[in-house]
There are 2 protein chains.
Amino acid sequence: MKSISAFPTKQEMRDHKRREIVRCASEKFGTEGYDNVPLEAIAAELGVTKAALYNYVSSKNDLLMQCYEVGMDRLITAVEQAMDTPGTAAERLRIGLETYVVTMTRKDMQYLWNYIRPLLSPGETHSVQTSRDQIDSIFRAMLKNGIEDGSLRADLDPKLASLVILGAINWVGIWFRPSGAQKSQEVAREVVGEALRGYLTS
Amino acid sequence: MKSISAFPTKQEMRDHKRREIVRCASEKFGTEGYDNVPLEAIAAELGVTKAALYNYVSSKNDLLMQCYEVGMDRLITAVEQAMDTPGTAAERLRIGLETYVVTMTRKDMQYLWNYIRPLLSPGETHSVQTSRDQIDSIFRAMLKNGIEDGSLRADLDPKLASLVILGAINWVGIWFRPSGAQKSQEVAREVVGEALRGYLTS
DNA sequence: CACTTTGGTAACCGTTGGTTACCAAACTTT
DNA sequence: AAAGTTTGGTAACCAACGGTTACCAAAGTG
């Protein structure tokens, strides 16, 4: 959460306000669902009128995209940071995937990550696809590392393996609800463990 | 596609019309997305006005649910029929999963199956969850069969395995677009093969 | 032949995304 | 300091769409 300086410039104020809008929208979209959140609700929570928001975003869909990008950055950053640790590629992959699950199941990410596609226009869909490919390639690279350092089976196909692993992992975001009995950390460990099981050289 | 008799009774006509509405809506929802299809569009395609639809459905959301249920029935029927074949449990599981993928990636199922949840009210969500559990238990039962007949590894946990396998399979419905180069049948074979790889004895 | 039931239409309402006309306060220029 | 000019906001409005209501015509019924 970037904060503003004591004597903010005009530009800083603008940026700050825009980020606040996105933060507020992320929370509401993420928990209540995009369609159930009128712009007026976001505006009201920030103490302004709906029209004021249009000084910072060009449309409700644009706002959604900005929420998505912020969430996506958080996800990628968290995963890369988690993987930046000593150990075999298999171990690093495991911690990266677990972090992915935990971050993705944050309440302000639930709806954002899994259900965003049908809400977008074709051009925006492409941007989402690019982000997903980015995540995919991060994990795929680690799979290759695992083959090289011998911590993963030599006969695995990184493309197919990442398809199956990411599928299993993303599926968690569909059925897991934070309100449930299990903590997301436990679920992450279980599911990631199972998804990797067949690929380890154990 | 059920068709009507030569001299339909009133009740038959009613049912027929309701099914036609659902069929038309499924196609449009499935290809264009729920939010992008006004009821007027469906009505227009059927040559009536929007208000006429309300003789057959109680709301747009109710119509969506009916589309979902029809699709769900089709999916379960197709899978059960495909699995009703001689062979080891592993072989039957494979054909069942491949059928699942192929059916799910029909163009009038794309949006329906994967993106329906945020569109529903809590009560409807429960109904969707029940359907998913039904599919899940079908495959889980076959996993148990596989352990018993020795075609699947004895040490697999049906619950976790079905989680990973169904995750991988459902993920196909997210990224696969019929317009792509690959046919859905090929994709199904590849992905199902990979998802089952670690569970086979052999 | 009345009269009820059915399936439909036109017109309307409420919500909500998005726009426009306008205003006040804060910079900028002279 | 006075006169523009830009910025960030508001109130009022428009258009699209889900949903409802008043009404009508045709078919079925006693």
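Order of the sequence lines sets the chain letters (A, B, ...), proteins ahead of strands, with each chain counted from 1.
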To the nearest Å, give me how far apart [atom1] ([X]) and [atom2] ([N]) are.
{"X": "B:Gln11", "N": "C:dT6", "atom1": "CD", "atom2": "C1'", "value": "12 Å"}
{"X": "A:Arg14", "N": "D:dT6", "atom1": "CZ", "atom2": "P", "value": "15 Å"}
{"X": "A:Lys60", "N": "C:dT16", "atom1": "NZ", "atom2": "P", "value": "9 Å"}
{"X": "A:Asp15", "N": "D:dG8", "atom1": "CG", "atom2": "C1'", "value": "15 Å"}

Listed nucleotide nearest any side-chain atom of [X], set [options]:
{"X": "B:Tyr56", "options": "C:dT9, C:dG8, C:dG18", "result": "C:dG8"}
{"X": "B:Tyr54", "options": "D:dG18, C:dT9, C:dG18", "result": "D:dG18"}
{"X": "B:Ser59", "options": "D:dG19, C:dG18, D:dG9", "result": "D:dG19"}

Quick one, which residues of residues 108-121 of chain A touch DNA chain D with a heavy atom under 4.0 Å? none
Proximity to DNA chain D (any heavy atom under 4.0 Å), residues of residues 26-48 of chain B only: B:Val37, B:Pro38, B:Leu39
N/O donor to acceptor pairs below 3.5 angstrom from side-chain atoms of residues 63-80 of chain B, sequence neighbours left out:
| unit_1 | atom_1 | unit_2 | atom_2 | d |
| --- | --- | --- | --- | --- |
| B:Gln66 | OE1 | B:Arg18 | NE | 2.9 |
| B:Gln66 | NE2 | B:Asp62 | OD2 | 3.3 |
| B:Thr77 | OG1 | B:Asp73 | O | 2.7 |

Does atom CD (B:Gln81) have a neighbourhood of more than 12 heavy atoms from anything else shown, all under 6.0 Å? no
When B:Lys50 and B:Lys17 are each assigned the nearest nucleotide of DNA chain C, the 5'-most assignment goes to B:Lys17
Identify the two heavy atoms, one from [X] and one from [Y], that lie closest to each other, and give their separation to 0.1 Å.
{"X": "B:Ser26", "Y": "B:Leu112", "result": "OG-CD2, 4.3 Å"}
{"X": "B:Pro158", "Y": "B:Leu143", "result": "O-CD1, 3.7 Å"}
{"X": "B:Ile165", "Y": "B:Ala195", "result": "CG1-O, 4.1 Å"}

Among all residues two or more places apart in sequence or in another chain, which pass the side-chain hydrogen bond (donor to acceptor under 3.5 Å, both in side chains) test with B:Tyr199? A:Glu194
Between B:Asn170 and B:Leu166, is there a donor-acceptor pair closer than 3.5 Å when you use the side chain of the first and the backbone of the second? yes
Counting distance only, does the side-chain N/O of B:Lys60 pair as donor-acceptor with the main-chain N or O of B:Tyr34 below 3.5 Å? yes
Sole residue of B:Glu124, B:Gln134, B:Arg117 in side-chain contact (heavy atoms from CB on, under 4.5 Å) with B:Gln129: B:Arg117
Restricting to nitrogen or oxygen on both sides, can you table the protein-nucleotides 20-26 of chain C pairs closer than 3.5 Å?
none

For DNA chain C, the residues among residues 63-70 of chain B that have a non-hydrogen atom under 4.0 Å from it: none
Would you tell me whether [X] and [Y] have side-chain atoms, one donor and one acceptor, within less than 3.5 Å of each other?
{"X": "B:Ser59", "Y": "B:Asn61", "answer": "no"}
{"X": "B:Ser162", "Y": "B:Asp136", "answer": "yes"}
{"X": "B:Asn114", "Y": "B:Gln110", "answer": "no"}

Salt bridge (charged side-chain N to carboxylate O under 4.0 Å, His left out), that's the test. Do A:Arg94 and A:Glu91 meet it? Break it down for me. CA-CA 5 Å; A:Arg94 165 172 272 120; A:Glu91 285 160 0; over 6 Å; no
